[in-house]
*Asks:* 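Before I ask anything, here is the structure I am working with.
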There are 2 protein chains.
Amino acid sequence: MNTETIRNILRKHSLKVTPIRVQVLNVLLDSRVALSHADITERLDGEHVDKVTLYRTLNHFCEKNIIHKVANEERNWLYAIHIDDETHPEPDHAHAHFICDDCERIYCFPLTREAGSSVQTVKQGFLVTNQEIRLHGLCPSCQ
Amino acid sequence: MNTETIRNILRKHSLKVTPIRVQVLNVLLDSRVALSHADITERLDGEHVDKVTLYRTLNHFCEKNIIHKVANEERNWLYAIHIDDETHPEPDHAHAHFICDDCERIYCFPLTREAGSSVQTVKQGFLVTNQEIRLHGLCPSCQ
DNA sequence: ATGCTAAATGCAACTAAGTTGCAAATAATA
DNA sequence: TATTATTTGCAACTTAGTTGCATTTAGCAT
Ligand SMILES: [Mn+2]
Ligand SMILES: [Mn+2]
Ligand SMILES: [Zn+2]
Ligand SMILES: [Zn+2]
């Protein structure tokens, strides 16, 4: 993705435009799957980025809702751009995560509304306001 | 729950019957919600239990499928007995977890079959074999 | 009952993801 | 160009969970 577009995303969220932020955002925009801190560090190579700075950058992006985090099976955070396409205008957790049980990659999937609203009143006395769906299986390259 | 019943659960899974195992299983059988390592330690008080022994006990129970673990919002493990009632004869992940956004307690819920099978073919090329549903909201005592 | 042995326990040290504190550098604005 | 709030980098810290190893014990055979 074009650097100026990325710079504008940052400005839109009133974040200072710094080289690290541009590069990290670029890496995340380029990826079809959610990435770990280590994944991102690798893909930034050439440039040395301090691990704390990277964590803080990712947390900033999360607070601004530019990206979100999802835990993998080892319970480490993976980071992904918010899917923001026409088919999926809702905020927050209105999408599913697909976890490949072979390669362990995690993909963000938009959810159809009917699927999303199917598990509403499961048990008397509990009020469900939101849900998180994690789909397990095999991704195209692992079948 | 009666101690002899607990001893029999252990024997059924060819685990040696030890005081710690009996007590831990008793604590888990008594709880309506999933418990952390710290929660369990508290409820064992009187008896001192080494933290490593407790972790190993819990992992043993998981391997034998007597209990299962679920991550809380801080990504620490909580442990719960497998719900094993008539309404829910399937193995593995065929139940949902309800997370109270106020008190953070986690409950295991059986899932109706229709809800469980609603999110099957979400995206071309991805094979879904299993799913995990985390419901967020308010539990009865937090509304 | 007694002894034997594989499994369970307890303690200390370790691991690794993520955070905190603070001093030095820098982007935005005037 | 100067000012200042924000960002960065480094070191130290935190904490859940694991590993290694010596000691103890449950279950079983004699
Ligand atoms: Mn996602
Ligand atoms: Mn459960
Ligand atoms: Zn895969
Ligand atoms: Zn509650």
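Chain letters run A, B, ... following the sequence lines, proteins first and then strands; every chain starts at 1. Remember, predicted model here, so these are calculated numbers, not experimental data.
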*Asks:* Within this structure, what is the OH-to-P distance between Tyr79(A) and dA17(C), rounded to whole angstrom?
*Replies:* 11 Å
*Asks:* Strictly by modelled atom types, are His136(A) and Glu132(B) linked by a side-chain donor-acceptor pair under 3.5 Å?
*Replies:*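 There is such a pair between these side chains.
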*Asks:* In plain terms, say whether Arg11(A) and Glu4(A) are close enough for a salt bridge, that is, a side-chain N and a carboxylate O under 4.0 Å apart.
*Replies:*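 Between Glu4(A) and Arg11(A) there is a salt bridge, with a charged N closer than 4.0 Å to a carboxylate O.
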*Asks:* If you check every side-chain atom of Tyr55(A), which of dG17(D), dA26(D), dA17(C) has the closest atom?
*Replies:* dA17(C)
*Asks:* Which whole-number value in Å describes the distance from Leu58(A) CG to dA17(C) P?
*Replies:*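 It is 14 Å, rounded to the nearest whole Å.
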*Asks:* To the nearest Å, how far apart are Asn72(A) CG and dG18(C) P?
*Replies:*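 Taking CG of Asn72(A) and P of dG18(C), I get 8 Å after rounding.
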*Asks:* Of the nucleotides dT7(D), dG21(C), dT19(D), which one has an atom closest to the side chain of Val52(A)?
*Replies:* dG21(C)
*Asks:* Going from OG1 on Thr57(A) to CD1 on Ile67(A), what distance comes out if it is rounded to the nearest 0.5 angstrom?
*Replies:* 9.0 Å
*Asks:* From dT19(C), dT18(D), dG17(D), pick the nucleotide closest to the side chain of Asn59(A)?
*Replies:*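 Shortest atom-to-atom distance from the side chain points to dT19(C).
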*Asks:* Using the closest heavy atom to pick a nucleotide of DNA chain C for each, name whichever of His48(B) or Arg7(A) lands nearer the 5' end.
*Replies:*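 Upstream on the strand: His48(B).
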*Asks:* Of Lys16(A) and Leu15(B), whose nearest nucleotide on DNA chain D comes first from the 5' end?
*Replies:* Lys16(A)
*Asks:* Check whether the side chains of Ser36(A) and Asp39(A) place a donor and an acceptor atom closer than 3.5 Å, and report yes or no.
*Replies:* yes
*Asks:* Taking atom C1' of dT19(C) as reference, at what distance in whole Å does atom NE2 of His37(A) sit?
*Replies:* 11 Å
*Asks:* Within less than 4.0 Å of OP1 or OP2 of dT19(D), is there a side-chain N or O belonging to Arg56(B)?
*Replies:* no
*Asks:* To the nearest angstrom, how far is His13(A) atom NE2 from dA28(C) atom C1'?
*Replies:*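 Taking NE2 of His13(A) and C1' of dA28(C), I get 19 Å after rounding.
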*Asks:* With nearest nucleotides of DNA chain D determined for Asn76(B) and Thr57(A) from heavy-atom distances, which residue corresponds to the more 5′ nucleotide?
*Replies:*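 On the 5' side of the pair lies Thr57(A).
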*Asks:* Which nucleotide sits closest to the side chain of Lys51(B): dA13(C), dT7(D), dA8(C)?
*Replies:*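 The answer is dA13(C), which lies nearest to the side chain.
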*Asks:* Which of these nucleotides, dT8(D), dG18(C), dA26(D), is closest to any side-chain atom of Thr18(B)?
*Replies:*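 Looking only at heavy atoms from C-beta outward on Thr18(B), the closest nucleotide is dA26(D).
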*Asks:* If you measure from the Lys or Arg side-chain nitrogens to the Asp or Glu carboxylate oxygens, is any gap between Arg134(B) and Glu73(B) under 4.0 Å?
*Replies:* yes
*Asks:* Arg21(A) side chain N/O closer than 4.0 Å to the phosphate oxygens (OP1, OP2) of dT7(D)?
*Replies:*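 Yes, because at least one side-chain N or O of Arg21(A) sits under 4.0 Å from OP1 or OP2 of dT7(D).
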*Asks:* dA8(C) phosphate, OP1 or OP2: any side-chain N/O from Thr53(B) under 4.0 angstrom?
*Replies:* no
*Asks:* Between C1' on dG9(D) and CG on Leu44(A), what's the gap in Å once rounded to a whole number?
*Replies:* 15 Å
*Asks:* How many Å lie between CD on Glu74(A) and C1' on dT18(D), as a whole number?
*Replies:*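 After rounding, the gap between these two atoms is 15 Å.
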*Asks:* Look at the side chain of Asp50(A) and decide which nucleotide, out of dG17(D), dT9(C), dG9(D), has an atom nearest to it.
*Replies:* dG9(D)
*Asks:* Rounded off to whole Å, could you give me the CG-to-C1' distance for the Leu35(A) and dA17(C) pair?
*Replies:*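 Nearest whole value for this atom pair: 17 Å.
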*Asks:* Would you indicate which nucleotide in dG18(C), dG10(C), dA28(C) comes nearest to any side-chain atom of Val17(A)?
*Replies:*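 The closest nucleotide is dA28(C).
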*Asks:* Ring centroids only, cut at 6.0 angstrom: are His68(A) and His97(A) within range, meaning strictly under it?
*Replies:* yes
